[in-house]
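All ligand and atom numbering here is 1-based and tracks the order in the structure.
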Amino acid sequence: MKIRSPRGQWSSRLTFILAATGSAVGLGNIWKFPYMVGQNGGGAFVLVYLICIFLVGIPIMIAEVMLGRRARQNPINGMAILAEQEHHSPRWSLIGWSGTLAGFLIFSFYSVISGWVLYYIYLSWNPGFSGLTMEESQSLFRNMVADPYGLIGCHTLFAIMTFGVVARGIQAGLERAVKILMPGLLILLFLLLGYSMSYGSFGEALRFLFQPDWDHLSGQTALAAMGQAFFTLSLALGAMMVYGSYLPSNISIPRTCIIVALSDTAIALLSGLVIFPIVFAQGMAPASGPGLIFQTLPVAFGAMPGGQWFAFMFFILLVFAAWTSSISIVEPGVSWLVENHGWTRPRASVMVGFGGWLVGLGTVFSFNLWKEFTVLGKTLFECLDYLTSNLMLPLGGMAIAIFACWKLSVNSTRNELNLLGPFEFNLWRGVTGILAPTAVLLVCLNSLGVF
Ligand code: PFF
């Protein structure tokens with residue numbers, strides 16, 4: 001197999017952590033986590049989600065980064081090369097293909113929702129949220145999603161932002177962006193937490209988030225929680241594999257992955273603790289769906305002194321978080337076109353970007369013109385989300401785990417994870433090779449009603 005481009009490397013471990021956290025922390029934590037918790041009844045979902053993060057997500061993340069570093073290639077080539085080296089079927093490169101395709105589909109709706117955030121930056125000044133009631137906030141949101149042209153405009157802007165950075169290459173584009181973002185977002189979330197604790201129904205929110213109501217635990221809830229764990233950790237799509245491929249070989253993969261996953265989980269929980277006290281204080285339905293943060297947060301901002309500035313800063317930082325995630329979502333596809341087809345980065349970016357933008361129009365219309373058009377009771381956006389998060393990512397993750405533990409020779413794996421002691425190494429192999437794939441399989445079968 002021909003390798004065309006010499007690959008760059010992260011300048012330090014911190015840069016990798018920042019970039020991987022930049023990929024992991026995004027809309028999945030702040031927009032999707034709260035509304036999924038709300039739709040799936042609270043505590044039981046959170047508990048399954050946490051179990052999935054620790055027993056399935058982290059081990060698979062280690063496996064994925066490890067495969068990326070070993071192959072030093074984009075996911076499609078990387079899987080093909082590793083399979084060839086270990087004398088296995090070239091069909092293992094399907095892992096790379098399905099991840100890259102999932103990335104393309106996820107980008108299409110990710111960009112639309114990020115467009116909403118861009119629009120809220122504008123709304124935070126004009127008309128501003130000062131003194132906003134919940135009804136007014138809900139109608140602001142409803143009006144936004146009812147207007148396809150506005151949504152297309154914002155979606156277009158965000159797609160250009162993403163591919164503008166991707167076109168310039170990983171080092172120049174990414175390293176600078178992630179270093180500024182995280183601390184700012186964290187500070188604002190803590191400020192918001194202060195507001196929610198003082199003025200929201202904090203006790204009720206705590207109970208909702210952390211007291212599991214077992215009646216709510218169904219196969220579909222478990223599948224949704226597992227899908228969310230994959231989505232939020234950026235797994236099985238090749239993003240972590242690509243980032244791993246830029247990782248210098250003297251860095252401990254497990255320790256680094258644990259730091260990334262813990263930060264990501266902390267931000268999701270923080271976001272839940274910010275949103276739900278407001279939801280309950282305002283008597284809003286927790287199951288309101290994808291509009292949840294867009295309807296609750298403006299009310300909080302509108303009631304705070306200096307809320308206009310906080311709102312403005314918050315939505316800017318949220319766009320940043322979405323931006324760094326979205327860059328990593330499309331990176332596998334773009335690097336494949338560059339490395340396999342000799343395309344320039346700008347050309348590959350324009351092509352992938354245009355395709356993703358086009359598919360994204362389906363998501364835009366699923367909130368207005370095509371609202372009534374459903375398949376199995378789901379709008380187009382919900383179908384894309386379900387197909388990627390609940391099916392493609394978990395099944396891809398299962399394949400990654402099986403490949404890393406059962407197909408790669410133990411020596412190769414041990415060399416790559418050289419900083420683990422023998423006990424930890426075997427523990428990781430057991431969890432990744434047996435527990436994680438079994439869990440994914442059981443959850444998928446259960447949600448299909450097999451048992
Ligand atoms: N983890 C991102 C988020 O939580 O918003 C979304 C994402 C990024 C999913 C990268 C998958 C991916 F490969």
Can you pull every nitrogen or oxygen pair between ligand 1 and the protein closer than 3.5 angstrom?
residue, atom, partner, partner atom, Å
ligand 1, 1 (N), S23, O, 3.2
ligand 1, 1 (N), A24, O, 3.0
ligand 1, 1 (N), F231, O, 2.8
ligand 1, 1 (N), T232, O, 3.2
ligand 1, 1 (N), S234, OG, 3.0
ligand 1, 4 (O), A24, O, 2.9
ligand 1, 4 (O), G28, N, 3.3
ligand 1, 4 (O), N29, OD1, 3.3
ligand 1, 5 (O), L27, N, 3.1
ligand 1, 5 (O), G28, N, 2.7
ligand 1, 5 (O), Y110, OH, 2.5

So F231 and Y110, would you call those rings parallel, tilted or perpendicular, with 30° and 60° as cut-offs?
tilted
Angle between ring planes, W357 versus F354, binned at 30° and 60°: parallel, tilted or perpendicular?
parallel
Residues in ring-ring contact (aromatic ring centres under 6.0 Å, His included) contact with F33, at least two apart in sequence or another chain:
Y49
Where does the angle between the aromatic ring planes of F403 and H88 fall among parallel (under 30°), tilted (30 to 60°) and perpendicular (over 60°)?
perpendicular
Which residues satisfy the ring-ring contact (aromatic ring centres under 6.0 Å, His included) test with F276, sequence neighbours excluded?
F208
What residues, two or more places apart in sequence or in another chain, satisfy ring-ring contact (aromatic ring centres under 6.0 Å, His included) together with Y195?
Y199
